[in-house]
Asker: 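First the structure, then my questions, so here it is.
Reckoned from all heavy atoms, side chains included, excluding hydrogens, waters and symmetry mates.
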Amino acid sequence: MEMSESFRTEELIFMTKKIGLNLAAQLELRLKSGNVTGIQVYFLVYILRHHPKGTYLTELCREIGVSKATMSALIKKLREKDYLYFHEEPEDVRKKKILPTAKLIAEGNDFLQKASEMEEEICSALDHEEQIQLWNLEQKLISELSVMEQNEKNRQEVYLQ
């Protein structure tokens with residue numbers, strides 16, 4: 001049976017969504033720790049790997065690609081669980097640096113080890129060349145989605161004027 005081009009495109013989109021859902025499920029199965037979800041643990045792993053000395057909300061939003069509202073909600077939950085804290089900048093009290101707590105540092109090695117094992121197992125399905133190819137394709141799709149989002153925002157602004 002020959003597939004039409006539109007059907008393959010639809011299947012590609014659904015497969016991408018399915019991969020995302022399966023990755024989220026793996027995060028929950030492999031990384032959940034006590035009252036912290038797997039997705040929260042993976043975010044804490046990101047902080048430990050990329051910002052052990054702290055960072056800012058805006059920077060995290062840009063790097064991870066989520067809204068400030070989504071990031072703020074995640075950080076609020078992790079502050080309540082005593083994994084992150086804010087340090088106010090003396091020269092600008094509105095600017096708060098997000099830092100790992102002693103609790104996160106104490107549990108961090110376990111989080112990092114579990115995350116590394118999971119990542120290694122998932123990525124073992126692809127050889128090095130395929131991993132590079134997938135990375136490049138993902139970057140291309142993310143770039144296109146970003147352009148589409150900006151175009152939609154521009155259309156909405158024109159419509160509201």
Side-chain angles (χ1 to χ4, degrees), residues 1-85 97-150 152:
M1 177 172 95
E2 190 173 313
M3 288 192 234
S4 70
E5 189 67 33
S6 64
F7 180 76
R8 280 189 292 228
T9 302
E10 177 188 19
E11 287 298 306
L12 178 64
I13 299 299
F14 276 115
M15 186 61 69
T16 303
K17 180 66 175 172
K18 189 174 182 180
I19 290 168
L21 292 171
N22 278 289
L23 283 172
Q26 282 299 310
L27 291 175
E28 291 309 314
L29 287 169
R30 304 281 294 269
L31 300 181
K32 184 177 166 95
S33 177
N35 69 341
V36 186
T37 69
I39 289 172
Q40 290 170 342
V41 169
Y42 205 55
F43 174 72
L44 293 171
V45 165
Y46 184 86
I47 294 290
L48 291 170
R49 285 177 175 165
H50 301 278
H51 300 288
K53 296 190 187 315
T55 188
Y56 298 95
L57 178 73
T58 307
E59 187 175 349
L60 285 171
C61 292
R62 182 181 45 77
E63 290 172 3
I64 295 174
V66 298
S67 70
K68 282 188 180 182
T70 299
M71 185 60 66
S72 293
L74 176 59
I75 289 168
K76 180 181 179 191
K77 288 176 185 171
L78 293 169
R79 286 181 65 214
E80 289 169 356
K81 295 175 183 183
D82 196 33
Y83 284 103
L84 298 174
Y85 73 98
K97 195 171 198 178
I98 302 158
L99 292 154
T101 63
K103 180 179 178 180
L104 175 53
I105 292 166
E107 296 178 29
N109 284 336
D110 185 48
F111 291 168
L112 287 163
Q113 182 181 347
K114 286 179 180 177
S116 293
E117 289 169 2
M118 180 197 66
E119 292 162 346
E120 192 174 315
E121 188 174 344
I122 290 169
C123 290
S124 71
L126 305 172
D127 65 30
H128 183 69
E129 189 175 304
E130 290 170 328
Q131 289 177 21
I132 292 169
Q133 186 178 16
L134 179 59
W135 169 260
N136 290 332
L137 293 171
E138 289 169 335
Q139 295 305 305
K140 194 172 181 179
L141 285 172
I142 287 171
S143 177
E144 180 60 23
L145 289 167
S146 183
V147 167
M148 290 170 63
E149 181 180 0
Q150 190 56 52
E152 185 59 31

Asker: Please find the pair of heavy atoms, one from Tyr56 and one from Ile98, that lie closest to each other, and give the distance.
Answerer: C-CD1, 4.0 Å

Asker: Is there a side-chain contact between Leu84 and Leu44, using heavy atoms and a 4.5 Å cut-off?
Answerer: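 Side chain of Leu84 against side chain of Leu44, heavy atoms only: contact under 4.5 Å found.
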
Asker: Where is the tightest heavy-atom contact between Met71 and Cys61, given as atom of each residue plus distance?
Answerer: CB-SG, 3.6 Å

Asker: Got Lys77 and Tyr83 here, is their nearest side-chain heavy-atom distance under 4.5 Å?
Answerer: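 Side chain of Lys77 against side chain of Tyr83, heavy atoms only: no contact under 4.5 Å found.
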
Asker: Is a side-chain N or O of Thr70 found less than 3.5 angstrom from the main chain of Val66, in a donor-acceptor match?
Answerer: no

Asker: With a 4.5 Å limit on heavy-atom distance, are the side chains of Thr58 and Arg62 in contact?
Answerer: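 They are not in side-chain contact.
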
Asker: Would you call Thr55 and Lys97 a side-chain contact if the rule is heavy atoms closer than 4.5 Å?
Answerer: no

Asker: Please find the pair of heavy atoms, one from Ile39 and one from Glu28, that lie closest to each other, and give the distance.
Answerer: N-OE2, 3.1 Å

Asker: For Ser146 and Ser143, which I'm curious about, is there any donor-acceptor pair between the side chains at under 3.5 Å?
Answerer: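 No, because no side-chain N or O of Ser146 sits under 3.5 Å from a partner of the opposite role on Ser143.
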
Asker: Using side chain to side chain contact (heavy atoms under 4.5 Å, CB included), reason through Leu60 and Ile47 one step at a time and then give a plain yes or no.
Answerer: CA-CA 9 Å; Leu60 285 171; Ile47 294 290; 3.8 Å; yes

Asker: Do Val41 and Lys32 come within less than 4.5 Å of each other through their side chains, counting heavy atoms only?
Answerer: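 Not in contact.
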
Asker: State the NZ-CD1 distance between Lys18 and Ile13, to the nearest 0.5 angstrom.
Answerer: 15.0 Å

Asker: Between CD of Gln131 and OG of Ser124, what distance do you get to the nearest 0.5 Å?
Answerer: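 Here the rounded value is 8.5 Å.
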
Asker: Within the supplied structure, the quantity of interest is the number of heavy atoms (other residues, nucleotides, ligands) at a distance under 6.0 Å from Lys76 NZ; does it exceed 12?
Answerer: no

Asker: Calculate, to the nearest 0.5 Å, the distance between atoms CG and CD belonging to Leu112 and Glu117 respectively.
Answerer: 11.0 Å

Asker: At what distance, to the nearest 0.5 angstrom, does CD of Glu149 lie from CD1 of Ile142?
Answerer: 12.0 Å

Asker: Would Arg49 and Ser116 count as a side chain to side chain contact (heavy atoms under 4.5 Å, CB included) here? Give the steps.
Answerer: CA-CA 11 Å; Arg49 285 177 175 165; Ser116 293; 3.3 Å; yes

Asker: Does Glu144 form a side chain to side chain contact (heavy atoms under 4.5 Å, CB included) with Lys140? I'd like the steps, not just the answer.
Answerer: CA-CA 6 Å; Glu144 180 60 23; Lys140 194 172 181 179; over 6 Å; no

Asker: I need the Glu11 CD to Thr16 OG1 distance, nearest 0.5 Å.
Answerer: 10.5 Å

Asker: Is it the case that over 12 heavy atoms from other parts of the model lie below 6.0 angstrom from the CD atom of Glu129?
Answerer: no

Asker: Specify the closest pair of heavy atoms between Gln40 and Leu74, including all atoms of both residues, with the distance to one decimal.
Answerer: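 Scanning both residues completely, I find the closest heavy atoms to be CG-CD1, 3.7 Å.
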
Asker: Less than 4.5 Å apart, side chain to side chain, heavy atoms only: is that true for Tyr85 and Ile75?
Answerer: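 Heavy-atom side-chain distance check fails, nothing below 4.5 Å.
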
Asker: Taking all non-hydrogen atoms of both residues, which atom of Glu130 and which atom of Ala125 are closest, and how far apart?
Answerer: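 It is OE1-O, 4.2 Å.
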
Asker: Can you tell me how far the CG atom of Leu141 sits from the CG atom of Leu12, to the nearest 0.5 Å?
Answerer: 7.0 Å

Asker: Between Leu99 and Gly54, what is the shortest heavy-atom contact and its length?
Answerer: CD2-CA, 3.4 Å

Asker: Quick test of your reading of the model: are Glu121 and Arg30 salt-bridged, counting only N-O distances below 4.0 Å?
Answerer: yes

Asker: With a sphere of 6.0 Å drawn around CD of Gln150, does it hold more than 12 non-hydrogen atoms of other residues, nucleotides or ligands?
Answerer: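 Counting neighbours around CD of Gln150, more than 12 heavy atoms of other residues, nucleotides or ligands fall under 6.0 Å, so yes.
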
Asker: Just so I know, are the side chains of Ile122 and Leu23 near enough to count as touching, which here means a heavy-atom distance under 4.5 Å?
Answerer: yes

Asker: Quick one: does Phe111's side chain get under 4.5 Å of Leu104's, heavy atoms only?
Answerer: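 The answer is yes; the side chains approach within 4.5 Å.
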
Asker: Show, in sequence, the C-alpha distance, side-chain angles and deciding distance for Gln133 and Leu126, and conclude whether the side chain to side chain contact (heavy atoms under 4.5 Å, CB included) test is met.
Answerer: CA-CA 10 Å; Gln133 186 178 16; Leu126 305 172; over 6 Å; no

Asker: So, Glu119 versus Tyr42: side-chain donor-acceptor pair below 3.5 Å or not?
Answerer: yes

